[in-house]
Each structure stands twice: as structure tokens, then as C-alpha cells.
Amino acid sequence: MNDRGPVLDELDYKILKLLEEDCTLTYKEVAEKVNRSLWTVRDRIELMKMNGIVRGCKAVLDYRKMGYMCKGILFFNIPAEYIERAIEFMKSQEVIKSIMIISGDRRFAVTIVGRDASEVRNYVLKNLTKFKIYNTELDCVLEEYV
């Protein structure tokens with residue numbers, strides 16, 4: 001490990017690329033694809049988990065097929081005294097799919113799904129305005145490529 005984190009080698013990057021494409025692969029399947037032993041791959045993946053490089057595995061969902069026809073991205077700012085409570089609240093909300101702190105004029109971006117744009121808008125008005133968010137912009141995702 002150096003001051004920038006653990007040192008990864010070519011094998012680690014190959015493993016990470018495979019997991020990023022399909023995190024449901026078994027150790028055995030990854031081992032076959034990188035031409036290494038199951039135990040080598042298992043040890044590498046577990047070490048990357050311990051070091052926080054691999055933080056989890058999530059399914060890529062098609063929200064439209066689930067009846068959520070609007071995926072909105074809300075950009076906003078929030079007063080410093082509300083940040084911690086707001087993030088904890090947003091993490092607990094099923095309709096909020098990601099929370100990001102970003103650069104630019106608006107420092108936060110959250111992804112929210114709803115049955116339509118008005119449901120997303122109403123969710124924001126009912127649930128997030130209590131945290132005194134300001135300088136808001138709500139955009140709807142028209143197409144998404146993974």
C-alpha cells in the first residue's frame with residue numbers, strides 16, 4: 001500500500017473489469033477467464049474487498065420495466081447544518097437510487113425514480129424541501145446506456 005492506496009497489478013485490473021461487467025460471476029468463473037487458480041482469484045477479490053476497492057455488487061435494473069417511467073436527477077445545494085441529516089434520510093429512501101457530492105455550482109446530485117415526472121417532482125417537494133435545499137434543477141433521463 002502507498003499513500004494513494006493499495007497497489008493493483010494487471011491481474012487485479014482484469015478481475016475488476018470482469019466484476020464490473022458482471023458481479024455475479026463465481027470465483028471459479030473469474031479464475032477460468034483470467035487463467036488463474038480459484039484460490040488466487042478468491043484471495044485477490046477478498047483483499048480488494050478488505051481494502052474497500054470492491055464495495056458491493058448491485059444489479060442493473062430497468063426501472064421502466066418495473067413501472068417507474070421517470071428517472072430524475074436532482075441537482076441542488078443544501079445548507080451545511082442540514083447535510084448529515086439529509087444524507088441519512090436520502091439513504092433510507094427506496095426511490096432514491098444514488099447520492100453524489102459533485103463539483104460545480106450545485107454540489108449534490110441524487111437520482112430518484114417515480115411512475116412519472118410529477119411523482120418525482122412531488123416527492124422532492126414533499127420530502128427534500130424540509131432540508132432547505134436551494135439552487136435546484138430537476139432533469140429527467142430520456143435514455144440511458146449501460
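The analysis underlying the following values was restricted to heavy atoms, covering all of them including side chains, and did not include hydrogens, waters or symmetry mates. Owing to the predicted nature of the structure, the values given are computational and were not obtained by experimental measurement.
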Practice item. Say whether Val41 and Val54 are linked into one hydrophobic cluster, either directly or through other cluster members, by side-chain heavy-atom distances under 4.5 angstrom. Key: yes
Exercise for review: Go through the steps to decide whether Glu29 and Lys33 satisfy the test salt bridge (Lys or Arg N to Asp or Glu O under 4.0 Å), and finish with yes or no.
Suggested key: CA-CA 6 Å; Glu29 291 168 327; Lys33 290 178 183 288; over 6 Å; no
Check your understanding: Does the distance from a Lys or Arg side-chain N to an Asp or Glu carboxylate O, for Glu46 and Lys49, drop under 4.0 Å?
Key -> yes
Exercise for review: Measure from NZ or CZ of Lys97 to the centre of the six-membered ring of Tyr63 and say whether it is under 6.0 Å with the direction within 45° of the ring axis.
Suggested key: no
Exercise for review: Report yes if the side chains of Val30 and Leu19 come closer than 4.5 Å at any heavy-atom pair, otherwise no.
Suggested key: yes
Review point. Counting only N and O atoms by type, is there a donor-acceptor contact under 3.5 Å from the side chain of Asp116 to the main-chain atoms of Ser118?
Key: yes
Check your understanding: Is a salt bridge present between Glu88 and Arg85, judged by a nitrogen-to-oxygen distance below 4.0 Å?
Key -> no
**Study point:** Partner residues of Cys140 under the disulfide bond (SG atoms under 2.5 Å apart) criterion, sequence neighbours left out
**Key:** none
Exercise for review: Taking the six-membered ring for Trp and the full ring for Phe, Tyr or His, determine whether the centres of Phe75 and Phe108 are under 6.0 Å apart.
Suggested key: no
**Study point:** Distance-minimising heavy-atom pair for Leu142 and Arg64
**Key:** O-NH2, 3.2 Å
Study note, to complete from the structure: What one should report as the nearest heavy-atom pair of Gly114 and Glu119 is CA-OE2, 3.2 Å
Study note, to complete from the structure: All heavy atoms of Ala109 vs all of Ile73, minimum pair found to be CB-CG2, 4.4 Å
Review point. If you draw the axis of the six-membered ring of Tyr68, does the NZ or CZ of Arg115 fall within 45° of it and under 6.0 Å from the ring centre?
Key: yes
Point to revise | Heavy-atom side-chain contact between Asn77 and Ile133 under 4.5 Å | key: no
Check your understanding: For Asp9, does its backbone N or O pair with a side-chain atom of Asp12 as donor and acceptor, under 3.5 Å?
Key -> yes
**Study point:** Flag side-chain contact, heavy atom, 4.5 Å: Met90 against Ser92
**Key:** no
